[in-house]
Each structure stands twice: as C-alpha cells, then as structure tokens.
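In what follows, chains are A, B, ... by sequence order, proteins preceding strands, each numbered from 1. Note that this is a predicted model, so its numbers are computed, not measured. Only heavy atoms go into these numbers, but all of them, side chains included; no hydrogens, no water, no symmetry mates.
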Number of protein chains: 2
Amino acid sequence: MPEGDGRTTARTAASPRTPDANTTDASGTGANGTDANGAAIAVPAARERARAIPEAAVARLAVYLRTLSALAEQGTTTVSSEELATAAGVNSAKLRKDLSYIGSYGTRGVGYEVEVLVGQIERTLGLTRKHSVAVAGIGNLGHALANYGGFPSRGFPVSALFDLDDDLVGVPVGGIPVSHVDDIVEVCSTREVTIGVIATPTKGAQEVCDRLVAGGVTCILNFAPVVLQVPEHVEVRKVDLAVEMQILSFHVARRQQEAAAAGEADGAGPPGGGAGLPGEIDSANRMVERL
Amino acid sequence: MPEGDGRTTARTAASPRTPDANTTDASGTGANGTDANGAAIAVPAARERARAIPEAAVARLAVYLRTLSALAEQGTTTVSSEELATAAGVNSAKLRKDLSYIGSYGTRGVGYEVEVLVGQIERTLGLTRKHSVAVAGIGNLGHALANYGGFPSRGFPVSALFDLDDDLVGVPVGGIPVSHVDDIVEVCSTREVTIGVIATPTKGAQEVCDRLVAGGVTCILNFAPVVLQVPEHVEVRKVDLAVEMQILSFHVARRQQEAAAAGEADGAGPPGGGAGLPGEIDSANRMVERL
DNA sequence: CACTGTGAACTCATTCACAGCC
DNA sequence: GGCTGTGAATGAGTTCACAGTG
C-alpha cells in the first residue's frame with residue numbers, strides 16, 4: 001500500500017460539486033494499450049482536442065447525443081443548431097461552441113447531419129467501447145439501478161452486483177446474480193469493470209469504494225451521501241438526492257423572499273417567507289405564485 | 001419555428017438562473033438576431049437583490065450542512081475552516097468564501113461553532129420550513145425514492161405518490177398509498193406539495209410535469225431523460241444517470257489518450273508496463289492488476 | 001440567404017494573499 | 001500565533017456578433 005493507505009486527502013483535495021462537477025484529475029497514468037481500441041480510431045487532430053473540452057461541455061454533449069438519437073429514430077437526418085439547441089434545452093450559440101470542440105461536422109447554410117454528429121459525439125465520449133458497470137449495495141436504489149434499462153442500452157452493461165447481505169448473495173437481480181462485497185476485488189478484476197456505482201448506505205460506502213478501486217475500477221458514481229476519499233487517478237461523480245432537494249428548497253425560499261419584497265413595494269403581496277416558523281405553514285402562502 | 005407547442009414560455013433569457021442545463025431558456029423563435037444590435041432591450045441587469053449567493057455555493061452549503069451535522073453528532077462543537085473543508089472535500093478558501101455569503105459567523109483565531117453554522121445554513125437553504133414531496137412514477141426508482149430515508153429525515157416528507165398503473169393505485173408504498181396520475185393536480189394542491197420528483201419513463205414525463213405545475217408545484221427534480229418544458233417560475237433540476245455514466249466514460253477515454261500520448265512522446269513505456277517510475281505513482285499500480 | 005464556426009467580450013466561480021481580530 | 005473574512009487576481013464558462021461558406 002502506498003503512502004498512507006493510498007488515499008488522497010489532506011492535499012488541495014479536489015472534489016467540487018457545482019451544478020455539474022466532478023473530481024478532475026490530470027495525472028492519468030495507468031491504462032494500457034492492450035484493450036484500448038478507442039484510441040485507434042483515425043481523426044488525428046481531434047485527439048489533441050479531447051483534453052481541451054471544457055468539463056461543462058462534456059455533460060451537454062451527452063444530452064445532445066440523446067436528443068440526436070431521438071431525432072434519428074423519428075427519421076430526421078439533418079438539424080440546425082437552433083433546432084437541436086431548443087430540443088436539448090440550451091441556446092444555439094452554446095451548442096455550436098460545444099460542437100466546435102469536437103470538430104467541424106456541420107454544413108454552413110444547412111446544419112448538421114444527425115448520423116455524423118451521433119458518431120462523433122460517441123467517439124468523443126468514449127462510447128465506442130463498452131464499459132462494464134458494477135453496482136454495490138442492492139437495496140431499493142441498487143435494485144432500481146440493476147434494472148435500469150438505460151445503462152445496457154447505452155453501452156454500459158451491468159456485469160456485477162454486490163451486497164453484504166448473505167440472503168441476497170446468489171440471488172439474480174436484473175439477470176445477474178449478486179456477489180458478496182468481500183469478492184469485489186476479484187470479481188471486478190475478472191469482469192473488467194470500469195465503472196463502479198455505489199448505492200450502499202453511508203457507512204459502507206468508503207469501504208466499498210476502496211475495494212472497487214483495488215479491483216481496478218477507475219470511475220465511480222456515488223449515491224451515498226459521503227465525500228469519498230480516492231487516489232488521484234480515480235474519478236468520482238456524486239449524485240446526492242438530499243443536496244438536490246436542498247438546492248430546490250433554497251430556490252423556494254429565495255422566491256418567497258422576492259415575492260415578499262415585491263409585495264411590500266406593491267402593497268398587496270403574500271406574507272412570504274415570514275422567517276419560516278417550523279410547523280405548518282399556511283395554505284394560501286405557497287400557491288400565491290402567479291399561475 | 002413550427003415547434004412552439006403552447007407551453008415553453010420562458011423567454012427573456014436574462015434571468016438569475018443556474019448556468020446549468022436547467023430551466024429552458026428557449027429563446028429560439030428567431031426574434032434573436034433581429035433586434036440584436038441596436039435594440040437595446042438592455043434588460044438592465046437590475047435585480048437588486050443583495051441576496052445573491054452563487055448557485056455553485058448553494059450546492060456546497062448543503063454538503064457543509066451534512067458534514068456539520070455529522071460533526072455535531074460526534075460531539076464536536078467547533079471547527080476551523082480547514083477541518084471542515086477537508087471533511088467536505090473542498091479547499092478552505094472556497095469554504096470560507098462560501099460561508100461569507102451567508103454572513104460572518106466565525107470567530108477569528110478559533111473557528112466556527114458547529115451549532116451556529118448549522119442553524120445559519122439551514123436558514124439560508126430554507127430548511128426551517130418543511131417541503132412536502134410528491135413522487136410520480138412508482139417503478140423501481142420510484143419505490144427507492146419513496147422509501148429513501150434521507151428525504152423525511154432532512155425535512156422533506158414524502159406526502160404523495162403517483163402512478164398510472166391501476167394495480168398500483170391504492171397500494172401503500174413506504175407508508176403512503178399511491179394515487180392515480182389523473183389526480184395529481186388535486187392531490188398536490190390539497191397536500192401542499194412544493195417539490196415534485198419525476199421518476200416516470202421518458203414518455204410520461206412532460207405530461208406529469210405539466211400536471212405537477214398545475215397543482216402548484218414550483219420545484220421539480222427530474223430523473224427522466226428529457227428536457228422538461230416549464231413556465232418561468234418553476235425550477236427544474238435534472239438527475240440523469242446515463243449522462244453521468246457518459247461523463248465518466250469520457251474521462252476514461254481521455255485518460256487512455258493521455259497515457260497513449262505520454263507513452264509515445266516519452267518513449268519509455270506507459271506505467272502499465274511497470275517501467276521504473278518513481279514511487280509517487282504507487283497508487284496507480286493498482287489498476288495494473290486488472291488491465 | 002441560411003447557417004456554421006469562432007475570436008472577443010463578458011459573466012460567473014475559484015484561488016490568492018493579506019488585513020483584521022481574537 | 002492562529003484563523004476568519006474579503007478585495008483583488010486569475011481562470012472557467014457563456015454569450016455576442018460577425019466573418020465565411022455551402
């Protein structure tokens with residue numbers, strides 16, 4: 001084991017969490033050439049750029065990809081940036097900029113060919129290669145994830161499930177038998193899992209994470225409400241339901257304050273936040289929005 | 001655009017909103033370029049709300065809150081920015097800046113009193129008031145959400161569940177009987193739901209969303225992989241599993257490219273080969289065992 | 001003409017570094 | 001001495017606006 005258990009902690013730790021963020025690490029050692037066929041694809045110049053795509057743009061590319069797939073399915077073969085942008089919920093300038101990061105695949109005066117764009121985005125996102133997924137923690141959420149059709153259909157076959165509960169071990173969930181968490185390292189290694197999903201309760205999460213990493217997993221999607229400590233080469237993304245709710249809560253509060261302020265000036269308005277007493281808030285209060 | 005199907009609304013691009021792929025700005029409709037230049041629509045960046053806490057900071061405040069709660073539980077009464085920052089996975093400068101947005105509640109030379117900070121963050125996030133939650137779509141994910149302990153325990157009581165399936169209607173899930181989606185408007189109104197969670201399949205999502213909005217819901221957490229169209233006053237946050245996976249995939253690909261490039265330029269083989277690289281990269285060796 | 005692709009301007013977010021206080 | 005709070009500097013991400021092209 002490396003220095004101090006091999007975790008990155010005290011350092012200028014990185015694990016931001018903006019509207020959409022992640023652990024951004026540079027030092028990408030590791031990875032070999034053996035199974036890397038994605039890199040073998042042509043398009044010389046684009047390789048250079050991959051590094052330069054802003055994080056925020058990557059997230060949106062994934063959205064464009066889905067939007068494009070939908071368009072393709074309904075027979076569309078060409079889209080303008082305006083159309084695609086609207087469908088994807090962004091403005092067209094941003095979309096064009098995002099697409100420009102992956103190259104120039106549009107036709108001026110016409111638009112983009114759906115097929116082509118799909119291919120290029122897939123390549124950029126590394127979807128030309130399958131990424132095996134392991135889900136740890138087969139509770140309610142784990143079940144949901146194991147059965148989630150969106151994963152396999154998008155190139156992320158779920159190939160391992162883990163839980164602590166002996167009663168669950170061996171039981172197939174979504175077609176795959178649950179393994180014991182003690183076997184994480186071995187199973188992940190042999191099944192070549194690249195992405196680990198942690199859906200365990202808070203306490204088990206760090207332990208499970210360590211094992212996933214030991215099993216060679218370099219990307220983790222974490223649903224447990226903890227900040228995971230991982231070595232530098234491992235990428236963690238967090239989905240935190242409580243945080244999402246609290247952000248929404250903040251916006252409700254903000255809106256109420258605004259309404260209250262506006263009401264003051266206006267003379268009529270709702271009593272607004274009223275410094276929020278615990279307990280039941282009056283009925284009228286909430287619905288007063290302009291609807 | 002022939003599109004404009006009734007709803008959408010949300011013009012006026014300028015709005016203190018999240019920079020994220022959130023609420024649609026949908027400023028399409030060609031009106032764009034026309035008055036662009038001299039129009040001087042100005043939109044005098046007024047919005048004189050001193051309230052402005054950066055969106056990104058809000059998300060982190062929620063994380064600090066949880067971290068603080070954990071500290072409180074284990075008996076800690078005081079923390080320094082450094083300690084709290086480490087525990088929350090950010091750097092201390094950022095943490096102090098974030099906290100400064102909500103006021104000055106620390107003591108120089110000492111740190112922050114846990115209790116006080118918890119209270120202030122809760123107030124800021126609007127958690128002094130309970131926010132009733134409705135979950136629509138009681139499939140695997142919906143079940144998981146309905147049973148998720150993290151919601152009620154953090155001031156978000158789940159008070160309504162909806163599904164289309166008649167066999168499910170009336171059945172209690174997590175203690176609450178499922179209602180039919182046709183009753184969304186009524187049930188949400190009477191139970192004063194503020195936050196709606198959409199866990200339906202893609203196709204039902206927009207319809208459900210519309211009804212939630214009609215029922216007075218102003219905040220939506222959307223798990224369906226669609227961009228929802230909502231009126232301006234409604235806040236949407238999206239949790240998109242496929243997108244998360246694809247972002248991770250991108251980072252795998254990037255790392256592989258870097259490794260390949262580094263190997264090329266360096267001549268010395270990539271770390272995978274165990275080429276005598278300094279010990280600093282110890283942790284990277286782990287991944288070798290799988291690759 | 002219609003639409004892409006992109007430098008340049010701008011806005012938002014993070015980090016630095018230090019003054020001020022305990 | 002140690003630590004907070006914050007303006008100022010830097011950096012990331014977004015929007016503008018227009019040149020350039022099929």
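- A donor-acceptor pair is defined here as one N or O able to donate and one able to accept, closer than 3.5 Å; such a pair exists between the side chain of Gln206(B) and the backbone of Gln229(B).
- One donor-acceptor pair, N or O on each side, does fall under 3.5 Å between the base of dT4(D) and the side chain of Arg108(B).
- Atom P of nucleotide dG5(C) and atom CG of Asp98(A) are separated by 12 Å, given to the nearest angstrom.
- In this structure, Leu99(A) atom CG and dT14(D) atom P are separated by 14 Å, rounded to whole Å.
- With rounding to whole Å, Ile53(A) atom CD1 is found 14 Å from dG5(C) atom P.
- Summarising the geometry, the separation between CD on Glu82(A) and P on dT4(C) is reported as 8 Å, rounded to the nearest angstrom.
- Dashed line: the shortest gap from a side-chain N or O of Ser81(A) to OP1 or OP2 of dT4(C) is under 4.0 Å.
- Between the P atom of dC3(D) and the CG atom of Leu84(B) lies a distance of 14 Å, rounded to the nearest Å.
- Only one option out of Leu68(B), Thr67(B), Thr86(B) pairs with Val79(B) in a side chain to side chain contact (heavy atoms under 4.5 Å, CB included); it is Leu68(B).
- Between Arg60(A) and dG13(D) there is no side-chain polar atom (N or O) within less than 4.0 angstrom of OP1 or OP2.
- With dG5(C), dT14(D), dT14(C) as the choices, the nucleotide that has an atom nearest any side-chain atom of Ala56(B) turns out to be dT14(C).
- Remark: side-chain polar atoms of Ser80(A) are paired, donor with acceptor, to backbone N or O of Glu83(A) under 3.5 angstrom.
- One interatomic measurement links the two molecules: CD of Glu113(B) to C1' of dC3(D), which rounds to 15 Å at whole-angstrom precision.
- For Ala93(B), the listed nucleotide lying nearest its side chain is dC16(C); candidates were dC18(D), dC16(C), dT14(D).
- Of all nucleotides listed (dT15(D), dG5(C), dG7(D)), dT15(D) comes nearest to the side chain of Asn91(A).
- Remark: P of dC3(C) and CG of Leu117(A) are 16 Å apart, rounded to the nearest angstrom.
- A donor-acceptor contact closer than 3.5 angstrom is absent between the side chains of Gln246(B) and His131(A).
- Look at Tyr112(B) and you'll find a side-chain N or O under 4.0 angstrom from OP1 or OP2 of dG5(D).
- If you take NZ of Lys94(A) and C1' of dT4(C), they are 18 Å apart, rounded to a whole angstrom.
- Here the side chain of Glu55(A) is nearest to one of dG13(D), dT6(C), dG5(D), namely dG13(D).
- There is a side-chain donor-acceptor pair under 3.5 Å between Gln120(B) and Arg123(B).
- In this structure, of dT6(C), dC22(C), dG5(D), it is dT6(C) that holds the atom nearest to the side chain of Arg96(A).
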